[in-house]
Chemist: 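Next up is a structure, given as structure tokens.
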Amino acid sequence: GLTVSGILHNIGSKDAGSVSIAVLDGNGEIVLKKAIGSIEAPLDLVPRRKEFSLVLPRKAGKNWLLTVDPENTIPEIYDGNNSVLFSKIK
């Protein structure tokens, strides 16, 4: 299957614990989910990043979405940057 790789960033003032990412199909159903672990807060202004790689079980369909924190368990001031449509991934 297709491999999707990327880098997650924590730009907040608190550690992000138990971070997970998921691939959702066009109906919002989880196709694949992966635990990433925690990402420290960048309190010293040095970015904290975590790389990930996923192998999709099948070809991505219309309106598939890659999303961070799919259950919305991590408190955030802004979560509008947590998802991207597969059609936007290069």
Chemist: Under the 3.5 angstrom rule, does the side chain of Arg58 hit a backbone N or O of Leu56 as a donor-acceptor pair?
Modeler: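 Pair absent, no side-chain N/O of Arg58 close to backbone of Leu56.
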
Chemist: Drop me the distance from Leu8's CG to Arg48's CZ, to the nearest 0.5 angstrom.
Modeler: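 Nearest 0.5 Å value for the CG-CZ distance: 15.0 Å.
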
Chemist: Report whether Phe52 and Val55 are members of the same hydrophobic cluster (ILVMFWY, side-chain heavy atoms less than 4.5 Å apart, transitive linking).
Modeler: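 No: no chain of side-chain contacts under 4.5 Å links Phe52 to Val55.
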
Chemist: Output side-chain donor-acceptor pairs under 3.5 Å for residues 19-33, partner residues at least two apart or in another chain, one line each.
Modeler:
unit_1, atom_1, unit_2, atom_2, d
Asp25, OD1, Asn27, N, 2.9
Asp25, OD1, Gly28, N, 3.1
Asp25, OD1, Glu29, N, 3.0
Lys33, NZ, Glu71, OE1, 3.3
Lys33, NZ, Glu71, OE2, 2.7

Chemist: Report, one line per pair, each donor and acceptor closer than 3.5 Å where one atom sits in a side chain of residues 72-82; sequence neighbours left out.
Modeler:
unit_1, atom_1, unit_2, atom_2, d
Thr73, OG1, Asp69, OD1, 3.1
Glu76, OE2, Asn82, ND2, 2.8

Chemist: Same cluster or not: are Leu2 and Leu54 linked, directly or through other Ile, Leu, Val, Met, Phe, Trp or Tyr residues, by side-chain heavy atoms under 4.5 angstrom apart?
Modeler: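 Yes, Leu2 connects to Leu54 through the hydrophobic network.
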
Chemist: Please check if the side chain of Lys50 supplies one atom and the backbone of Asn10 the other of a donor-acceptor pair under 3.5 Å.
Modeler: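 A pair under 3.5 Å: no.
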
Chemist: What closest approach, in Å, do Pro42 and Pro47 show between heavy atoms, and which atom pair accounts for it?
Modeler: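 It is CB-CA, 4.4 Å.
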
Chemist: How many angstroms lie between CD in Glu40 and CG in Asp15, if you round to the nearest 0.5 Å?
Modeler: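 Answer rounded to 0.5 Å: 6.0 Å.
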
Chemist: Hey, does Leu65 have a side-chain heavy atom less than 4.5 Å from the side chain of Ser83?
Modeler: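 They are in contact (side-chain heavy atoms under 4.5 Å apart), so the answer is yes.
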
